Amino acid sequence: MSVKFLCPYCDQEFVTKMVLGDHIKSAHSDIIESAKESIGYTFCDACNQVPYCGIKVYVKDGRIIRLDSWENYPNSPLCSKGFATLQRQYHPQRLGYPLKRTTPKSLPDPRFVRISWEEAYNTIVSKMKEIREKYGPEAVLFYCGDPKEMRPAVSRLATVFGSPNFGTESSTCFRAAALASQLMFGLIVLGNPPTRDTKTVLIWGTNPAWSRPFDMPKLFDAKEKGAMFIVIDTRRTPVADKLADLHLQPRPGTDDALALGMMNVIIERKLYDKEFVENWTYGFEALEEYVKGFTPEKVEEITWVPSDKIVAAAELFATNKPGTLMAGVSTLTHTTNAVQTVRAILTLVALTGNFDIPGGVTVPTYPLPFRSHDMGDPDFIMEKKKIEMKNKRVDKDYFPVWAEIVHEQIQVNLLPEYVREGKIKMAILFGANVTIWPQFQEYQEALKNMEFVVAVDYFYRPWTHNYVDIVLPAATNYERFEPFIWFGRKIYVRKPVVKPYLEAKTDWQIVFDLAVRLGYVEEFWGGDTKKGLDFILQKAGVTIDEIPIPDGKVIPPPGPEEYKKYEKGLLRKDGKPGFPTPTGKVEIWSTILEKYGYDPLPVYKEPEESPRSKPDLAQRYPLILITGSRVPMYTHSKWRELSWLRDLMPYPVVNINPEDAEKRGIREGDLVMVENAHGKIRVHAHITYLVPPGVVDVSHGWAMIPEAHVNLLIPRVFDPISGFPTYKAVLCEVYKA
Ligand SMILES: Nc1nc2c(c(=O)[nH]1)N[C@H]1C(S)=C(S)[C@@H](COP(=O)(O)OP(=O)(O)OC[C@H]3O[C@@H](n4cnc5c(=O)[nH]c(N)nc54)[C@H](O)[C@@H]3O)O[C@H]1N2
Ligand SMILES: Nc1nc2c(c(=O)[nH]1)N[C@H]1C(S)=C(S)[C@@H](COP(=O)(O)OP(=O)(O)OC[C@H]3O[C@@H](n4cnc5c(=O)[nH]c(N)nc54)[C@H](O)[C@@H]3O)O[C@H]1N2
Ligand SMILES: [Mo]
């Protein structure tokens with residue numbers, strides 16, 4: 001009996017294995033090809049850090065089977081959140097189709113049903129036109145949450161439609177710190193990781209080990225090379241534990257006083273950089289007078305930081321130069337004195353002459369000629385037109401300084417007010433989560449009371465989407481190429497590595513499709529998103545197709561890196577020496593704040609709620625609550641549906657010091673209530689030296705566990721300059737549930 005060889009794909013018989021092999025190669029090459037693994041590359045969007053981390057993707061049969069770190073790429077390796085994007089990609093709850101609500105928004109159950117993209121687009125476009133007709137285009141709010149990749153497209157659509165009311169989650173995040181810096185330097189300068197020249201690293205209100213892990217290698221390097229570290233963090237974080245030569249633990253919300261105390265030491269002991277101060281700053285004399293009241297002893301009383309540590313930190317930063325700053329841009333702004341706190345800390349950089357020297361706090365000499373996607377390139381988002389429409393901004397009467405300086409986005413935190421006043425009637429939300437706001441019920445109410453709301457997301461998020469009219473499914477970072485990204489002068493692009501899930505579309509495509517249907521065919525390149533990106537890239541003289549994957553492309557700088565650019569006329573548009581501020585100097589005394597009736601100096605103000613500002617309330621609620629300290633496995637509310645992450649932190653906790661726990665009879669893991677004048681929540685107690693006595697720390701983003709939502713404890717009081725909420729300093733009490 002002769003042996004036969006059967007083709008596994010078509011059952012034909014062959015006499016030898018070799019002939020079968022030839023047959024398979026010629027007749028079934030497509031199957032063979034698809035059974036092979038292919039490799040692709042994408043940027044991780046798990047935490048929306050800019051710039052993103054790199055992922056190498058292994059694909060087989062049209063499915064992603066494995067992830068790895070993108071080699072020779074700046075932000076590597078991947079963290080747990082990055083790897084978990086694979087579980088997210090194939091999660092059964094991902095949104096696959098456009099959905100339309102079938103009940104009125106006054107009813108709690110929206111009863112969403114599947115609709116076609118055509119119906120979704122037609123409905124949205126006709127609503128946009130109707131609202132524009134009835135109330136003007138500015139009655140439509142365009143909003144993006146933490147995801148940043150789609151922002152330029154959404155912002156451009158807002159401008160072309162005629163609405164200056166485009167906003168983002170930066171209304172609670174980086175923008176107030178950036179504003180503070182613009183008021184002082186005329187530029188966005190918020191510090192940077194150390195370089196090989198750095199001798200002192202001042203880490204203020206940030207724990208990059210958990211919130212920016214890709215910066216840690218630079219910090220360990222600097223430590224090894226002998227740099228000294230000052231860490232100013234209320235908690236004993238891994239960064240404080242491992243790196244700090246000096247660890248200062250201020251009472252939450254008193255960093256303004258601490259910075260003024262350090263300035264007092266630096267000025268009294270004449271440790272400041274006289275040349276820089278005399279030639280390049282404005283308002284030093286007034287500051288000198290003001291900080292006299294902030295002796296180390298007085299500041300110890302305010303901040304709980306021992307006076308000898310205040311002196312030591314000030315001396316070290318002023319004398320062991322060059323020094324750099326890494327500041328928790330959102331932490332330091334999560335108080336009712338947000339902008340002034342950051343200005344006070346930046347003043348330290350100016351006084352010590354650490355600005356724009358090698359190893360200090362620098363700005364790039366030749367950045368690529370476009371602005372990052374979180375703010376959007378000014379030409380692409382048509383910023384000039386936004387400025388022309390300034391008087392239609394809904395925030396202008398509430399936050400005039402923001403409205404004057406922050407051209408690209410409005411301050412959104414007063415959304416409930418804007419809706420109540422009839423100014424906003426419709427919203428288009430990309431990647432939005434309303435529970436990020438203090439007393440978020442009011443924001444849910446605002447969505448409910450608008451005439452029409454659209455949301456675009458990867459998942460159905462009941463805490464936001466139960467209050468909207470249409471929900472659209474977004475394609476993920478594995479399914480899209482938009483946008484490109486860059487590190488310094490090196491640009492990277494990606495290709496989709498798999499097809500979109502069911503009917504999901506990319507955020508950019510959704511924007512471009514809507515634009516074309518609204519008649520903006522030219523402004524949106526006939527709906528071709530690639531042409532849109534090429535419009536931005538052309539400023540660097542390249543196109544998307546000219547950038548190789550995975551190597552990326554360096555656009556050589558026109559000259560070498562320069563320092564002390566203020567001396568050389570490299571910071572101002574008119575080419576004159578100095579800074580792009582009204583006085584041409586670093587404005588310690590802000591002429592813009594003065595013009596609007598705010599304190600022109602970086603003054604100290606007690607948090608709205610504290611043992612000093614509300615002693616009676618502190619009798620009842622003696623603990624200070626900080627919220628939203630980042631944890632390594634989550635970004636805000638995101639990806640708690642993924643067991644790969646959830647298993648790392650299954651429950652929301654309150655971190656409490658053993659001393660405070662013992663006083664209250666609380667044991668590890670107990671269910672406890674955290675209560676204050678604004679609300680109460682129930683979480684598990686975690687007893688830890690991470691927090692000092694008197695302070696408790698509750699993580700944010702537990703939207704899926706309504707009884708644990710920490711933003712129920714945060715009042716709607718805002719920094720008068722920036723409109724920022726007070727997530728980091730309110731009073732509370734903790735007791736067994
Ligand atoms: N108490 C307290 N509250 C805080 C803070 C705090 O420290 N304490 N921090 C504040 C800060 S700094 C921030 S930045 C905000 C964060 O606030 P948000 O960004 O608004 O919150 P997220 O929970 O990240 O929600 C993002 C949503 O976008 C979706 N999404 C993710 N990627 C994409 C995408 O590419 N496309 C689309 N269409 N959707 C996507 C996600 O599924 C999720 O539903 O929270 C603020 N709130
Ligand atoms: N894993 C992860 N990474 C993230 C995020 C995330 O959700 N998860 N979110 C991203 C976003 S949007 C942002 S804005 C950044 C936030 O980044 P950061 O603002 O840098 O936040 P953290 O790294 O948590 O560091 C904040 C530190 O401030 C301390 N702190 C609290 N109150 C005070 C105070 O009053 N004074 C001082 N000096 N210290 C205080 C806390 O103990 C904490 O260790 O993180 C980004 N990275
Ligand atoms: Mo943020």
Side-chain angles (χ1 to χ4, degrees), residues 45-49 79-81 88 95 143-150 168-174 177 203-213 231-240 248-255 258 303 326-335 341 345 429-438 440 455-461 463-465 472-477 480 506-507 510 607 624-641 655 690-691 695 697-701 703 709-711 713-714 724-729:
D45 66 342
C47 77
N48 298 296
Q49 292 277 22
C79 74
S80 52
K81 299 183 292 303
R88 182 188 75 189
L95 280 169
Y143 174 84
C144 302
D146 188 39
K148 307 191 170 63
E149 297 190 19
M150 81 292 268
T168 76
E169 123 293 358
S170 223
S171 281
T172 65
C173 186
F174 135 101
I203 300 185
W204 201 316
T206 183
N207 175 30
W210 292 346
S211 65
R212 289 179 70 84
V231 176
I232 304 186
D233 193 310
T234 305
R235 299 184 312 159
R236 210 175 100 187
T237 60
V239 165
L248 282 59
Q249 292 181 270
R251 170 163 68 85
T254 62
D255 300 272
L258 181 57
T303 64
M326 289 175 74
V329 290
S330 66
T331 295
L332 297 168
T333 54
H334 287 171
T335 75
T341 299
I345 292 168
L429 315 170
F430 283 80
N433 166 11
V434 291
T435 69
I436 66 158
W437 278 296
F440 56 86
V456 189
D457 208 302
Y458 296 158
F459 288 86
Y460 187 85
R461 308 293 195 194
W463 47 88
T464 303
H465 300 157
L472 302 175
T476 64
N477 58 323
R480 62 190 182 213
T506 76
D507 292 308
I510 295 170
I624 301 176
L625 171 69
I626 58 176
T627 73
S629 302
R630 283 13 178 186
V631 289
M633 64 297 276
Y634 295 128
T635 311
H636 312 304
S637 71
K638 283 185 292 251
W639 329 137
R640 279 172 175 75
E641 54 278 273
N655 291 316
L690 179 68
V691 285
V695 175
D697 167 36
V698 178
S699 51
H700 74 307
H709 210 297
V710 76
N711 278 333
L713 304 180
I714 308 297
F724 266 48
T726 174
Y727 296 128
K728 296 290 189 289

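This is a predicted model, so every value here is computed, not measured. Both counts, for ligands and for their atoms, begin at 1 and track the order of listing.
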Residue by residue, ordered by chain and number, which ones reach under 4.0 Å of ligand 1 with a heavy atom? Gly145, Asp146, Pro147, Met150, Glu169, Thr172, Cys173, Ser330, His334, Gly431, Asn433, Ile436, Val456, Asp457, Tyr458, Arg461, Ala474, Arg480, Asp507, Thr627, Gly628, Arg630, His636, Ser637, Lys638, Trp639, His700, Val710, Asn711, Tyr727, Lys728
Does Thr627 have any side-chain contact (heavy atoms from CB on, under 4.5 Å) partners at least two apart in sequence or in another chain, and if so, which? Leu625, Val710, Ile714, Tyr727
Do the side chains of Ile436 and His636 get nearer than 4.5 Å, heavy atoms only? no
Under the 3.5 angstrom rule, does the side chain of Lys148 hit a backbone N or O of Gln49 as a donor-acceptor pair? no
Closest non-hydrogen atom pair, Ser171 against Pro725: O-CD, 4.5 Å
Using distance alone, determine whether Thr254 and ligand 2 share an N or O pair under 3.5 Å. no
Within-cut-off N or O pair, Ile232 and ligand 2, under 3.5 Å: yes
Minimum heavy-atom distance Asp507-Ala474, with the two atoms named: OD1-CB, 3.6 Å
Partners of Asp255 by salt bridge (Lys or Arg N to Asp or Glu O under 4.0 Å), sequence neighbours excluded? none
Show me which atoms of ligand 2 lie under 4.0 Å from any heavy atom of Pro250. 38 (N)
Under 4.0 Å from one or more heavy atoms of Gly253, ligand 2 contributes atoms 34 (C), 35 (O)
Kindly indicate whether the side chain of Thr172, heavy atoms from C-beta on, has any atom under 4.5 Å from the side chain of Ser330. no
Below 4.5 Å, heavy atoms only, C-beta onward: do Asn48 and Thr635 meet side chain to side chain? no
Ligand 2 versus Ala729: contacting region, heavy-atom distance under 4.0 Å: neither
Between ligand 2 and Thr237, is the shortest N or O to N or O distance under 3.5 Å? no
Contact partition for Lys81 relative to ligand 2, non-hydrogen atoms under 4.0 Å: side chain
List the residues meeting side-chain contact (heavy atoms from CB on, under 4.5 Å) with Thr476, not counting sequence neighbours, and say none if there are none. Arg88, Gln89, Arg94, Tyr458, Tyr478, Glu479
Number the atoms of ligand 2 from 1 as they appear, then name those within less than 4.0 Å of a heavy atom of Pro252, with their elements. 34 (C), 35 (O)
Any donor-acceptor pair under 3.5 Å linking the side chain of Trp463 with the backbone of Thr435? no
Please answer whether the main-chain N or O of Arg251 pairs with a side-chain N or O of Thr303 as donor and acceptor at a distance below 3.5 Å. no
Numbered atoms and elements of ligand 2 in range of Trp210, under 4.0 angstrom, heavy atoms: 1 (N), 2 (C), 3 (N)
Would you say Asp146 and Lys638 make side-chain contact, with heavy atoms under 4.5 Å? yes
Which ligand 2 atoms are under 4.0 Å away from a heavy-atom of Val631? 1 (N), 2 (C), 8 (N)
Under 4.0 Å from a heavy atom of Thr234: which atoms of ligand 2 are those, numbered in the order shown and with their elements? 33 (C), 34 (C), 36 (N), 37 (C), 39 (N), 40 (C)
Under 4.0 Å from ligand 2, counting heavy atoms only, is it the side chain of Thr335, its backbone, both or neither? neither
